[in-house]
Visitor: 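Sharing a structure below in structure tokens format, with a few things to ask.
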Amino acid sequence: MAKTGNIPVTLIDKSAHAETAFDSLGFGDAFSDHMLLCDWADGEWKSPRIVPREPLKVDPAALGLHYGQSVFEGLKAYRGTADNRIRLFRPDRNAQRLAASCNRLCIPAPAPDQLIDWISSLVAVEAKWIPEKFGEALYIRPMIFATEGHLAVRPANQYTLVIVAAPVGQYFAQYGRPLRVKAEDRYTRATSGGTGAAKTAGNYGATLKPMFEAASQGFDQILWLDGDEHAFAEEAGQMNIFFRIGNEVITPELSGTILPGVTRDSVLSLLKQWGIKATARRISMAELRKATESENLLEIFGAGTAAVVVPVDSIQYQDFDIRARPPSANSISQRLFQSLLAIQHGQVDDTNNWIQFVDTE
Ligand SMILES: *Cc1c(COP(=O)(O)O)cnc(C)c1O
């Protein structure tokens with residue numbers, strides 16, 4: 001059980017809660033009142049504290065800003081539909097992944113249990129910011145960056161960890177229809193030996209230009225392909241990608257260039273528990289084209305914390321449209337979406353032990 005702990009809290013004078021448009025929550029338009037700060041210096045993470053959310057004072061030569069020594073995470077706190085209790089979904093996975101990202105970027109990682117305590121403490125303080133509707137949540141964004149001011153390209157000796165929180169709506173409501181995706185055969189998100197498996201700032205900055213170009217061509221998202229040949233599917237924007245061919249669901253295997261999604265892992269677990277064949281392996285665009293032509297490509301969907309599960313209508317690859325059948329009420333993606341949210345909102349038994357409660361005395 002999460003402790004609200006012995007972290008000092010400075011409460012804000014005037015909450016922004018009343019002025020926040022809870023009827024029309026987007027993703028990241030509004031933030032909660034407080035943040036958690038913690039500093040790394042002299043070899044340890046020191047003095048975690050919860051304070052009013054405000055701009056940070058940063059050295060203009062901060063190494064994290066200049067050279068991208070910066071990592072982040074994303075997870076959600078949900079309200080129980082029946083019991084109103086606060087639930088975190090698999091925070092242990094996010095804490096472990098943050099440590100893995102830190103390791104890749106030479107950042108000292110907070111101990112996973114410690115990080116979960118800090119997240120729980122902030123969520124407890126921000127309890128009123130957790131929306132109650134099905135599919136809505138308080139998105140939690142831990143981030144660590146190097147704050148030491150220096151010019152040498154080397155690991156810093158000072159870091160700041162900040163955790164902010166944002167009430168978010170049901171992501172799919174923004175689209176209301178399956179996504180149109182462009183398979184990117186020119187730009188590359190990640191290559192073997194690179195940082196693709198880490199949630200690190202530079203991976204996202206590098207995708208802005210390709211995303212802008214895809215959007216101006218009318219696409220909602222990019223499907224990233226492998227960096228060597230641009231012939232194999234990797235992931236869709238900030239989501240992992242799944243293909244249902246006949247009665248098998250396939251997702252690209254974790255090869256070091258793909259972000260190991262918590263939602264991806266949960267989807268694979270649920271499919272196995274439902275007796276549906278679920279395979280993580282390399283999948284080529286040629287195979288997807290064949291499956292489209294033989295009408296065996298039944299579903300395409302993305303999975304990630306922000307969107308949960310989102311159906312994809314089609315993926316344009318060069319001159320060909322890889323296309324799924326139109327979504328139906330008994331599609332696997334719909335069942336996954338409903339089931340994950342039912343677990344997250346405590347509507348069904350948490351048989352996988354994925355939920356960690358946050359109690360506010
Ligand atoms: C965060 C992220 C995902 C999804 O991971 P979840 O843990 O399911 O939220 C997938 N791909 C990329 C590139 C990401 O940054």
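In listed order, ligands and their atoms are each counted from 1. All residue numbers refer to positions in the sequence shown, counting from 1.
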Visitor: Residue by residue, ordered by chain and number, which ones reach under 4.0 Å of ligand 1 with a heavy atom?
Guide: R97, R189, K199, Y204, E235, G237, Q238, M239, N240, L259, G261, V262, T263, G304, T305

Visitor: Looking at F320, is R289 sitting on its ring face, NZ or CZ under 6.0 Å from the six-membered ring centre and within 45 degrees of the normal?
Guide: yes

Visitor: Centres of the F145 and Y159 rings: under 6.0 Å?
Guide: no

Visitor: Considering only NZ, NE, NH1 and NH2 on the basic side and carboxylate oxygens on the acidic side, decide whether E235 and R189 come within less than 4.0 Å.
Guide: yes

Visitor: Going by an N to O cut-off under 4.0 Å, is there a salt bridge joining E234 and R282?
Guide: no

Visitor: What pairs meet the salt bridge (charged side-chain N to carboxylate O under 4.0 Å, His left out) rule with one or both residues in residues 339-352, with sequence neighbours excluded?
Guide: none

Visitor: Before accepting this row, confirm whether a basic side-chain N of the pair R97/E73 lies closer than 4.0 Å to the acidic partner's carboxylate O.
Guide: yes

